[in-house]
Protein chains: 2
Amino acid sequence: MPTPERTSLDEIVQAGRDILESAGVAGLTMQAVADRVGVRAPSLYKRVRSRDDLLRLVVEATVRDLGAQLNATATGGDPRRDLAELARAFRAFAHAHPLGCQLIFAPKAAGASLDALAATAAPVLRATTLLAGEQHALQAARTVTAWAYGFISMELAGAFQLGGDVEDAYEFGIAHIAGALSAP
Amino acid sequence: MPTPERTSLDEIVQAGRDILESAGVAGLTMQAVADRVGVRAPSLYKRVRSRDDLLRLVVEATVRDLGAQLNATATGGDPRRDLAELARAFRAFAHAHPLGCQLIFAPKAAGASLDALAATAAPVLRATTLLAGEQHALQAARTVTAWAYGFISMELAGAFQLGGDVEDAYEFGIAHIAGALSAP
DNA sequence: ACCTGAACACCGTTCAAGT
DNA sequence: ACCTGAACACCGTTCAAGT
């Protein structure tokens with residue numbers, strides 16, 4: 001005799017994301033998720049293989065959201081301007097979902113969400129193709145993405161302790177990197 | 001009546017680093033550390049406040065090693081060349097201590113090891129001062145460091161899935177960023 | 001077919017008792 | 001002064017029993 005479903009995978013993943021941002025990775029326990037979706041912890045294993053699996057799904061959803069955000073930023077104009085806008089959108093997203101973003105390239109989530117990551121890369125690749133040419137588009141995209149991700153990681157970790165305006169440093173990086181890539 | 005000391009803080013931290021690299025963050029348990037240094041788990045709390053504290057010490061030691069490595073790379077010549085050498089040394093270190101490096105800017109270790117980080121920054125700042133001038137040295141150093149850290153994080157996480165040579169992409173990044181920063 | 005309580009293994013941590 | 005066994009709380013996970 002079937003029991004009515006009291007939750008869903010989507011609800012569980014969303015609860016995981018909320019708890020992650022409010023309580024940190026350590027606070028993201030199966031118990032906490034179960035409480036939030038109104039179910040007992042063992043029931044979660046009907047939809048999720050393990051806590052690590054849930055973590056992977058949380059990161060995947062975050063990357064999908066980030067991809068949507070990037071794909072929604074206005075592009076198609078000057079590629080340097082587009083690249084700057086994409087970088088700013090990335091940073092804004094990271095500030096809105098700091099914990100989720102910090103997990104994107106964490107050891108734990110490695111090997112996950114790589115399809116979603118590819119989708120995220122698309123608008124960046126479009127801009128770097130215009131900027132650096134077909135042949136160097138991928139390397140250029142990796143340069144920009146690595147810089148933006150590294151900068152945001154360091155910022156979120158509070159690593160910029162030597163003074164100076166962090167905002168300015170980000171704009172400085174955007175301008176110089178975009179400038180460097182447009183050189184033939 | 002005193003009992004002879006059967007271990008030391010240094011030994012514990014070193015054991016932590018070894019276990020981290022061989023068994024991952026999840027494998028770095030107090031039990032595993034205690035086994036390795038030949039003591040029972042509760043004894044560790046004589047030298048270390050908590051597991052998080054141990055993790056912080058592990059990261060701090062890693063950052064100190066990285067700083068020593070960077071300060072030991074030959075510099076003083078062409079600043080673009082110096083910056084390239086520093087970036088390569090950083091990557092080599094990261095490949096030798098991948099897990100430790102990935103924790104440097106992880107949420108967990110945040111707020112730790114910042115003094116050690118400053119020491120790490122010194123040789124980079126020296127090069128960027130020559131390259132970009134006193135006024136933009138800090139922003140330039142942040143740009144280079146963010147790029148290198150981001151690149152290495154992504155590489156270690158296996159995020160470069162779109163093909164292409166990763167080694168080449170790193171050299172591409174070095175060349176273009178150093179080039180961009182030398183512009184007035 | 002999903003949900004639950006009970007149970008197990010494991011882990012971080014505390015503490016009184018040893019030497 | 002350091003070390004230990006015993007104990008506690010907490011967490012991930014399994015599973016037989018419920019509906």
Side-chain angles (χ1 to χ4, degrees), chain A residues 1-61 99 103 106-112, chain B residues 1-61 99 103 106-112:
Chain A
M1 226 152 293
T3 302
E5 311 199 350
R6 237 162 274 189
T7 183
S8 68
L9 182 57
D10 279 357
E11 200 187 6
I12 289 170
V13 172
Q14 189 53 53
R17 296 179 69 179
D18 293 345
I19 293 167
L20 173 64
E21 295 299 340
S22 64
V25 199
L28 178 41
T29 69
M30 299 303 269
Q31 185 63 49
V33 174
D35 283 355
R36 183 174 272 247
V37 303
V39 104
R40 302 292 177 168
S43 301
L44 298 176
Y45 292 85
K46 282 284 157 183
R47 335 249 177 200
V48 148
R49 213 184 320 261
S50 65
R51 178 176 180 270
D52 277 3
D53 190 40
L54 174 55
L55 229 66
R56 218 202 56 230
L57 292 167
V58 163
V59 171
E60 225 166 74
L99 275 296
L103 286 185
K108 206 84 202 188
Chain B
M1 227 150 292
T3 302
E5 310 198 350
R6 236 162 277 189
T7 183
S8 67
L9 181 58
D10 280 356
E11 201 187 4
I12 289 169
V13 172
Q14 188 53 52
R17 294 179 70 179
D18 294 344
I19 293 167
L20 173 64
E21 294 300 340
S22 63
V25 200
L28 177 41
T29 69
M30 299 303 269
Q31 186 61 49
V33 173
D35 284 353
R36 183 175 273 247
V37 302
V39 103
R40 301 292 177 166
S43 300
L44 298 176
Y45 292 85
K46 282 283 156 182
R47 336 250 176 197
V48 147
R49 213 186 317 266
S50 64
R51 179 176 180 270
D52 277 4
D53 191 39
L54 174 55
L55 227 67
R56 218 203 57 231
L57 291 167
V58 163
V59 171
E60 227 165 73
L99 275 298
L103 286 186
K108 207 82 200 192

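Chain A is the first sequence line, chain B the second, and so forth, proteins listed ahead of strands; every chain is numbered from 1.
- The base of D:dC2 sits with one of its N or O atoms less than 3.5 Å from a complementary donor or acceptor on the side chain of B:Thr3.
- One interatomic measurement links the two molecules: CZ of A:Arg51 to C1' of D:dT14, which rounds to 18 Å at whole-angstrom precision.
- The nucleotide D:dC15 finds its pairing partner in C:dG5, both defining distances of the Watson-Crick or G-U wobble pair being shorter than 3.5 Å.
- Comparing C:dA6, C:dC15, D:dG12 by their closest approach to the side chain of A:Pro42 singles out C:dA6.
- When rounded to the nearest whole Å, the span between OH of B:Tyr45 and C1' of D:dC3 equals 15 Å.
- Among the protein residues, B:Ser43 comes within range of the nucleic acid bases, having at least one heavy atom under 4.0 Å from a base atom.
- Of the candidates D:dG5, C:dG12, C:dC2, the closest approach to any side-chain atom of A:Lys46 belongs to C:dC2.
- Tested against A:Arg36 for a side-chain contact (heavy atoms from CB on, under 4.5 Å), the candidates A:Thr7, A:Ile19, A:Ile12 yield a single pass: A:Ile19.
- Shortest non-hydrogen contact noted between B:Val33 and B:Ala15 is CG1-CB, 4.3 Å.
- The side chain of B:Arg47 lies closest to D:dC2 when the candidates are C:dT14, C:dC3, D:dC2.
- Among the nucleotides C:dC3, C:dT14, C:dC2, the one closest to the side chain of A:Arg6 is C:dC3.
- For the salt bridge (charged side-chain N to carboxylate O under 4.0 Å, His left out) test, no residue two or more places apart in sequence or in another chain qualifies with A:Asp35.
- A donor-acceptor pair shorter than 3.5 Å cannot be found between the side chains of A:Gln14 and A:Asp10.
- The partner of C:dC10, taking Watson-Crick or G-U wobble pairs whose two distances both stay under 3.5 Å, does not exist in any strand shown.
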